[in-house]
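Heads up: the structure comes next, in structure tokens.
Note that the structure is a prediction, hence the values are computed from the model and not measured. Ligands are counted one by one from 1 in listed order, and the atoms in each one are counted from 1 as well.
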Amino acid sequence: MQSIDYIEFLGNAFEAFHDTQDRFRSHFQIDDYTNWYYDQATELLTLSTDNTEINFKYIPIGTFSTNSRTWMWAWHNSSSIEKSKDQALRIREFGQEKGYDKLIEGYFESDEYAGWEFIAIAHQLLGGIGGYNVKSEQVEKYMLLMEQIDNDVAAKIKEQTITCERHGANRMAFICQHLNTETQTGFEEAFPSYKGMELEEDDDLQAWCDQCELERLRTDGWNDESMEFAGIKLVCEDCYFEIKAFNLK
Ligand SMILES: [Zn+2]
Ligand SMILES: [Zn+2]
């Protein structure tokens, strides 16, 4: 049983969302885009036609299973790896404040209207420029779109993102094979860095140990020989800064 209070709240949320969604669909001519692709690592939704594409940053809100006729909130879904799914927890907190069961339980029986109902509520609480749903197999995934991302920027984000076993999707960084969080080896960098910093077009986060620095100086800058000694490998940005913090202790 849903309370009168909830039904009223939902009604308002729907009304506001309806306007936003109408504007979104006409502004971007969303119905012209026949192909969709979303990537959990970059949290980008790409819509395309044969000759054009458009990108949006999304927050996963939840999924509706047409098979079991159940709704699952993204924050409850362990196969959803998007970092932004935690933002959907604000909806749960709100539900707890108000005592709205549907916003609190992670998984429950529902009907096919659930997705848009919860997108409207997500829009009310989190903002955004529109909603989108995609259907694959027996699952409809509902996303709240937060902003359009320029195609060039989107391409760059896709290029620079890796999925770390420990930290999930993250920007990539490069370190020499000797750096770790067990033995202090010294920490040399291409330029002073901090987490989340904006990088110039051709810059990457790059670090190497004292031994590598000696090699680099000996070979008068990086060449094949010193590069081979360094054995540069790829890590995620969080790993990079953990190693940095450990080495600068
Ligand atoms: Zn090294
Ligand atoms: Zn990592």
Side-chain angles (χ1 to χ4, degrees), residues 37-46 55-61 63 73-90 141 143-144 146-147 149 152-249:
Y37 174 76
Y38 70 88
D39 176 39
Q40 296 196 27
T42 55
E43 303 174 6
L44 289 176
L45 170 71
T46 304
N55 288 279
F56 300 99
K57 196 83 184 163
Y58 75 85
I59 296 178
I61 299 303
T63 43
W73 287 102
W75 50 259
H76 184 79
N77 190 344
S78 56
S79 67
S80 160
I81 60 158
E82 295 99 334
K83 290 196 161 166
S84 67
K85 75 178 186 181
D86 290 349
Q87 289 186 45
L89 279 170
R90 289 232 321 258
K141 180 179 175 103
M143 318 176 205
L144 182 65
M146 301 313 286
E147 57 175 332
I149 303 290
D152 292 341
V153 175
K156 204 175 165 202
I157 293 172
K158 288 174 192 176
E159 222 170 74
Q160 291 182 333
T161 301
I162 59 162
T163 304
C164 171
E165 274 179 26
R166 289 179 45 232
H167 301 108
N170 242 331
R171 182 159 65 177
M172 49 175 76
F174 300 88
I175 59 168
C176 81
Q177 60 180 330
H178 314 106
L179 285 171
N180 58 67
T181 51
E182 270 130 47
T183 318
Q184 286 180 320
T185 56
F187 195 90
E188 297 284 335
E189 280 187 296
F191 48 84
S193 68
Y194 59 91
K195 204 160 157 174
M197 72 187 287
E198 273 200 45
L199 294 173
E200 296 292 317
E201 181 77 28
D202 297 321
D203 279 345
D204 289 306
L205 294 167
Q206 291 173 31
W208 52 93
C209 72
D210 287 347
Q211 285 298 318
C212 283
E213 179 63 2
L214 288 175
E215 271 302 292
R216 189 179 75 89
L217 294 173
R218 193 180 66 78
T219 57
D220 199 19
W222 291 115
N223 68 6
D224 287 353
E225 204 187 327
S226 46
M227 282 300 277
E228 195 187 330
F229 181 81
I232 297 291
K233 61 180 185 180
L234 195 60
V235 292
C236 95
E237 176 164 0
D238 285 356
C239 286
Y240 184 93
F241 284 102
E242 279 179 18
I243 293 165
K244 180 172 180 174
F246 172 77
N247 275 285
L248 298 183
K249 252 197 272 190

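- Side-chain rings of F56 and Y38 stay apart, their centers remaining 6.0 Å or farther from each other.
- For N247 (side chain) and I243 (main-chain N/O), a donor-acceptor pair under 3.5 Å exists by modelled atom type.
- Comment: K141 engages E82 in a salt bridge, judged by a side-chain N to carboxylate O separation of less than 4.0 angstrom.
- Taking the Zn ion (ligand 2) as reference, the nearest N/O/S atom within H167 carries the name ND1.
- In this structure the side chain of N77 reaches within 4.5 angstrom of the side chain of T63, judged on heavy atoms.
- Geometry note: the Zn ion (ligand 2) is the vertex, C164 SG and C236 SG are the arms, and the angle is 110° (rounded to 10 degrees).
- Here C209 contributes SG and C212 contributes SG, and at the Zn ion (ligand 1) these two atoms make an angle of 110°, given to 10°.
- Nearest N/O/S atom of H178 with respect to the Zn ion (ligand 1) is recorded as ND1.
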